[in-house]
**Q** 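So that we are looking at the same thing, I have put the structure below in structure tokens.
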Amino acid sequence: MIFTQFPNNYASLYQPLIYAFEDQEPPRTLDVEIMDAPSGKILAAKRLYRTSSGEIDIAPILQRMVQFQPTTNLTTGFELAAKRSMTISLRIGADASVARTFLASEQLLEPSVLHTTLPLERLIARGEADELTLMSGVGIVEVTALTGSLVDHRGFLPPTNQPFPHVFRLCTTDFGKADTITVALYTAVGGTLLAKIRYTLTDPMVEGVRIAWVSRVGSLEHYTFPLRHALEEVQGRQIAATTAGLMATTTTHEQRLTICSAYEPQALLRALVEIGSAQQIWQATARGYTAVEIVPESHTICCYGALKALQFTLRPTTSNAVLWN
């Protein structure tokens, strides 16, 4: 069995992932298996009859298996990015292809160590956390927190036994009353600076709602909407006609939360607009992450000169979930 075509390493799961093969034997029955390369587990299988060559696109199958989950560790450091990429080998009969890692990114960036759609200058409240999605090339991550004249400097090494992407979680609770936190990415050899993200810390916002979402480049981004514009509870009931008259059989209720961003520059607003079409969205609280979705046609852009604000209405994806107390 000869593989005449296979996808590039770190190709997108949302583009065709075509394997082509030619059998050196006469047409016969062939079993094709998609395997998770690290574990050897068979994820999907297909039987081809009287076949000696062909093409197989595995992207539609893998797309159904990708499932982002925000990291929830309470300390700063690297986290396991489970199900944000898939390392796959295709086996036909007794022959297997070389393993390839595919990314859950709708849009692949040019070669870059940092996958993000947000600006590198960021605002974050004390007590909040953020995630950075890192690719190959990062040898060390240095975090520097400034509290007045005091400097807290820490270094972190990326894991060596995990496929990309790597997820670095920044927990501001590790740095007390810091005024600024800088996360710098360096190469392992030579210590060349690759990227630098600078956070300005503020006090927690009384009505702030922190949202996390999967961006088009396969990163999990965070932003705190400072204003709760409206709180709603949508109630409903089903009525059944009985011999005794009309009777309510079931009742439903759904919480809805309308949030509004600050007036932001265009670069940040472009990233926030993606929330409306993101495949997965969460509300981040001290209790963890609650899956939510955007109510269709609920987002509005409010203009104030060159700055604009974005407004969304959220609802939970599971019944009886609580968005506000």
**Q** Which word best sums up how the rings of F102 and Y19 line up, parallel for under 30°, tilted for 30 to 60°, or perpendicular for over 60°?
**A** perpendicular
**Q** So L132 and V167, side-chain contact (heavy atoms from CB on, under 4.5 Å) or not? Walk me through it.
**A** CA-CA 6 Å; L132 299 177; V167 171; over 6 Å; no
**Q** Mind checking whether M65 and L17 sit in one hydrophobic cluster, side chains of I, L, V, M, F, W, Y counted as touching below 4.5 Å?
**A** yes
**Q** Between R169 and D130, does a salt bridge (Lys or Arg N to Asp or Glu O under 4.0 Å) hold up when you go through it step by step?
**A** CA-CA 6 Å; R169 183 172 175 85; D130 198 22; over 6 Å; no
**Q** Distance from T51 atom OG1 to R28 atom CZ, nearest 0.5 Å?
**A** 10.5 Å
**Q** Would you say Q283 and T285 make side-chain contact, with heavy atoms under 4.5 Å?
**A** yes
**Q** Got a second to check how far I211's CD1 is from S261's OG, nearest 0.5 Å?
**A** 12.0 Å
**Q** What orientation do F164 and H166 show, parallel under 30°, tilted 30 to 60°, or perpendicular over 60°?
**A** tilted
**Q** Side chains of I124 and R210: does their closest heavy-atom pair fall under 4.5 Å?
**A** yes
**Q** Does either side chain, that of T182 or that of R198, offer a donor lying less than 3.5 Å from an acceptor on the other one?
**A** no
**Q** Say whether, by atom type as modelled, one donor and one acceptor occur between the side chain of D179 and the main chain of G148 under 3.5 angstrom.
**A** yes
**Q** At what distance, to the nearest 0.5 angstrom, does CD1 of I2 lie from OG of S97?
**A** 14.0 Å
**Q** May I ask you to check whether over 12 heavy atoms, not counting those of F6, lie within 6.0 Å of atom CZ?
**A** no
**Q** Less than 3.5 Å apart, any donor N or O on the side chain of E25 or S52 sitting next to an acceptor on the other?
**A** no
**Q** Less than 3.5 Å apart, any donor N or O on the side chain of T71 or N73 sitting next to an acceptor on the other?
**A** no
**Q** Go through the steps for K308 and E264 under the test salt bridge (Lys or Arg N to Asp or Glu O under 4.0 Å), then give the verdict.
**A** CA-CA 6 Å; K308 297 178 176 63; E264 301 287 8; over 6 Å; no
**Q** Between E207 and R228, does any NZ, NE, NH1 or NH2 come within less than 4.0 Å of an OD or OE carboxylate oxygen?
**A** no
**Q** Using a 6.0 Å cut-off, check whether atom CG of L74 has over 12 heavy atoms from anything other than its own residue.
**A** no
**Q** Between Q63 (side chain) and L13 (backbone), is there a donor-acceptor pair under 3.5 Å?
**A** yes
**Q** Take V32 and L90 through the test side-chain contact (heavy atoms from CB on, under 4.5 Å) and record every step on the way to the result.
**A** CA-CA 7 Å; V32 180; L90 190 73; 3.8 Å; yes
**Q** Does any non-hydrogen side-chain atom of F68 lie less than 4.5 Å from one of L220?
**A** yes
**Q** Between R100 and T87, is the side-chain contact (heavy atoms from CB on, under 4.5 Å) condition met? List the steps.
**A** CA-CA 5 Å; R100 290 283 188 271; T87 302; over 6 Å; no
**Q** Heavy-atom distance under 4.5 Å between the side chains of L103 and S12, does that happen here?
**A** no
**Q** Exactly one of T200, T116, L170 should register a side chain to side chain contact (heavy atoms under 4.5 Å, CB included) with R122. Which one does?
**A** T116
**Q** Side chains of D36 and L43: does their closest heavy-atom pair fall under 4.5 Å?
**A** yes
**Q** Does the side chain of V141 come within less than 4.5 Å of F78's, by heavy atoms?
**A** yes
**Q** Do I61 and F21 share a hydrophobic cluster (ILVMFWY, side-chain heavy atoms under 4.5 Å, transitive)?
**A** yes
**Q** Rounded to the nearest 0.5 Å, how far apart are OG1 of T76 and CZ of F156?
**A** 5.5 Å
**Q** Nearest 0.5 Å please: distance from the CZ atom of R126 over to the CD1 atom of I181.
**A** 9.0 Å
**Q** When hydrophobic residues are tied together by side-chain contacts of less than 4.5 Å, even through go-betweens, does L123 share a cluster with V209?
**A** no
**Q** Is R84 salt-bridged to E79, cutoff N-O under 4.0 Å?
**A** no
**Q** Can you find a heavy atom in the side chain of I34 that is under 4.5 Å from one in the side chain of I88?
**A** yes
**Q** Under a 4.5 Å side-chain heavy-atom rule over Ile, Leu, Val, Met, Phe, Trp and Tyr, are L310 and V292 clustered together?
**A** yes
**Q** Using modelled atom types only, decide if a donor and an acceptor are shared between the side chain of T172 and the backbone of G127 within a distance under 3.5 Å.
**A** yes
**Q** Please determine, by modelled atom types, if E106 and Q279 share a side-chain donor-acceptor pair under 3.5 angstrom.
**A** yes
**Q** With clusters defined by side-chain heavy atoms of hydrophobic residues (ILVMFWY) lying less than 4.5 Å apart, directly or transitively, does I281 cluster with L268?
**A** yes
**Q** Taking only Lys NZ, Arg NE, NH1 and NH2, and the carboxylate oxygens of Asp or Glu, determine whether R47 and D31 approach each other closer than 4.0 Å.
**A** yes
**Q** Please test R50 against T29 for side-chain contact (heavy atoms from CB on, under 4.5 Å), starting from the C-alpha separation and ending with a verdict.
**A** CA-CA 5 Å; R50 299 183 58 81; T29 298; 5.9 Å; no
**Q** In Å and rounded to the nearest 0.5 Å, what is the CG to CD distance from L272 to Q311?
**A** 13.5 Å
**Q** Within the 4.5 Å heavy-atom criterion, are E55 and Q5 side-chain neighbours or not?
**A** yes
**Q** Of I275, L314, L257, which is the lone residue that meets side chain to side chain contact (heavy atoms under 4.5 Å, CB included) with F225?
**A** I275
**Q** Is it the case that the side chains of T313 and R256 hold a donor-acceptor pair, with the cut-off being a distance below 3.5 Å and no angle test?
**A** no
**Q** Side chains of S219 and H115: do they bring a donor and an acceptor to under 3.5 Å?
**A** no
**Q** Under 4.0 Å between a side-chain nitrogen and a carboxylate oxygen: does that hold for E293 and R315?
**A** yes
**Q** Tell me, yes or no, whether the heavy-atom count around E22 atom CD, taken from other residues, nucleotides or ligands under 6.0 Å, exceeds 12.
**A** no
**Q** Does a side-chain N-to-carboxylate-O contact under 4.0 Å join R154 and E142?
**A** no
